[in-house]
Asker: 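After the structure tokens below, expect a handful of questions from me.
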Amino acid sequence: MRVLLVGGGGREHALALGLAGDPAVEALVAAPGNPGIAAVAQLREVTPTDPAAVAALAVEVAADLVVVGPEAPLVAGVADAVRAKGIAVFGPSAEAARLEGSKTFAKDVMTAAAVPTARAYTCEDAAAVARALDEFGAPYVVKDDGLAAGKGVVVTDDRAEAERHAAECGRVVIEEYLSGPEVSLFVVTDGEAAVPLLPAQDFKRVGDGDTGPNTGGMGAYAPLPWAPPGLVDDVMRDVVHPTLAELRRRGTPFAGLLYVGLAITPSGPRVIEFNARFGDPETQVVLALLETPLGGLLHAAATGTLGVHPPLRWRDGAAVTVVVAADGYPAGPRTGDVITGADRAGIIHAGTRRDADGTLRSAGGRVLCGTATGPDLAAARDAAYALVRDVELAGSHHRTDIASAAVDGRITVPG
Ligand code: AMP
């Protein structure tokens, strides 16, 4: 099987490692890729959000499968353009990707499918914003309605900050605050059959102890030792299958990766958000534990044959990833700094570039992450931090508490 992987971040580096490790994948091309991906794939230039360009590249490299990593190309219709060429693609249509592309659309689908989620209003002016904030009270949750690379959400006790974010975004979804530990559940689906991966947890806030602004994600671990028994089965029954059925009913089946972001509240799991693609950095830990060949699994989802795919196999133990971010991230990351110690197994490249002379430099806010597995969560965490300690990047920062609350048994599930 010849595979074209679209994207160039940490998630795509993790996907590339998984695909390259599948004996059925005879050629892997990544576009645009990154210096880490270059070790396992041939790199090609492409504008990932240009559907015609990606489809043409898929034809040129004779791809049997195109895997679309990020959300922006999906929302732009890249999967539709590739499918129109008769090539199998892992990733939903633009219509179905609205589950991520529009918070209002996602809420509408959830309401129709009776999926448990936060009560919410879509607001377009200051009066509506004020009414919604009054009704729900603090902490206030204000979400940009469109794609915002994980940074369009403000959760705050500060009413003025909530109002300011709403005014900056224009159209927002304001919703009830959900309390409880968060879970990221990835589900591979062909639109009908659906296979859950291991639940993971990520860390959205920039600072230790979940302080500071939201980011794209500062680290992750899997599996979750504290997850309530039956969690995945319950979410498949109450969230995933009703959502997939509702999208089929609307004539826009969702095939690809359905990312369910949940809060485990005192009244049970509630959906915080859907994404239409693998999460970053949870992918790094989930795929580190997946033993089943990745190319075959994604191909089955892309060709409507997931129902006959064998059950997934997982490695024992746990995985942890720690993100190293550039100086100034998330507000205004500085790029162009020299990185050393990063060309090693376990270092996943996210925002890096390489000079002609081989020097590696930062090229994004989240620069790289140290990903390690171990016989248990504590061992995996220690190994991930050992990787990060050997990386040098001026002004960089990372959280020092990834997975620690879970290791210490400090996460309690309400109820
Ligand atoms: P989202 O982009 O919707 O995943 O939101 C980013 C982060 O904001 C989530 O991972 C949560 O930590 C937080 N968040 C979003 N919605 C809510 C909510 N209704 N209640 C509590 N926290 C939320």
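Residues: numbered from 1 along the sequence shown. Heavy atoms only: backbone and side chains are in, while hydrogens, waters and symmetry mates are out. Counting starts at 1 for both ligands and their atoms, following the listed order.
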Asker: Side chains of Arg366 and Thr215: any donor to acceptor distance under 3.5 Å?
Answerer: no

Asker: Any non-hydrogen side-chain atom of His241 less than 4.5 Å from a side-chain atom of Met236?
Answerer: yes

Asker: May I ask whether Lys103 has any heavy atom positioned less than 4.0 angstrom from an atom of ligand 1?
Answerer: yes

Asker: Can you say whether the rings of Tyr259 and Phe186 are parallel (under 30°), tilted (30 to 60°) or perpendicular (over 60°)?
Answerer: tilted

Asker: So if I count the atoms of ligand 1 from 1 in the order they appear, which ones are less than 4.0 Å from some heavy atom of Glu175?
Answerer: 16 (N), 17 (C), 18 (C), 19 (N)

Asker: With heavy atoms under 4.0 Å as the rule, classify the contact between Glu182 and ligand 1 as side chain, backbone, both or neither.
Answerer: side chain

Asker: Let's go through Asp134 and Arg159 carefully: what are the C-alpha distance in whole Å and the side-chain angles of both, what is the deciding distance for salt bridge (Lys or Arg N to Asp or Glu O under 4.0 Å) to 0.1 Å, and is it a yes or a no?
Answerer: CA-CA 10 Å; Asp134 283 343; Arg159 171 90 180 211; 2.9 Å; yes

Asker: Indicate yes or no: does Arg410 engage Asp401 in a salt bridge with an N to O separation below 4.0 Å.
Answerer: no

Asker: With a 4.0 Å cut-off, would you call Asp382 and Arg389 a salt bridge?
Answerer: no

Asker: Would you say the side chains of Thr156 and Glu161 form a donor-acceptor pair under 3.5 Å?
Answerer: yes

Asker: Under 4.0 Å from a heavy atom of Lys204: give me the atoms of ligand 1 that qualify, with their elements.
Answerer: 6 (C), 10 (O)

Asker: My understanding is that we take every heavy atom of each candidate and find the minimum distance to atom 13 (C) of ligand 1. Doing that for Thr265, Thr117, Val155, Val142, which one comes out nearest?
Answerer: Val155

Asker: With nothing but distance in play, are any N or O atoms of Leu178 less than 3.5 Å from an N or O of ligand 1?
Answerer: yes

Asker: So, 4.0 Å and heavy atoms of Arg205: is ligand 1 close enough to count as a contact?
Answerer: no

Asker: Taking 4.0 Å as the limit for heavy-atom contacts, which would you say applies to Asp202 with ligand 1: side chain only, backbone only, both, or neither?
Answerer: neither

Asker: Using a plain distance cutoff, I'd like to know if Tyr177 has any nitrogen or oxygen under 3.5 Å from a nitrogen or oxygen of ligand 1.
Answerer: no

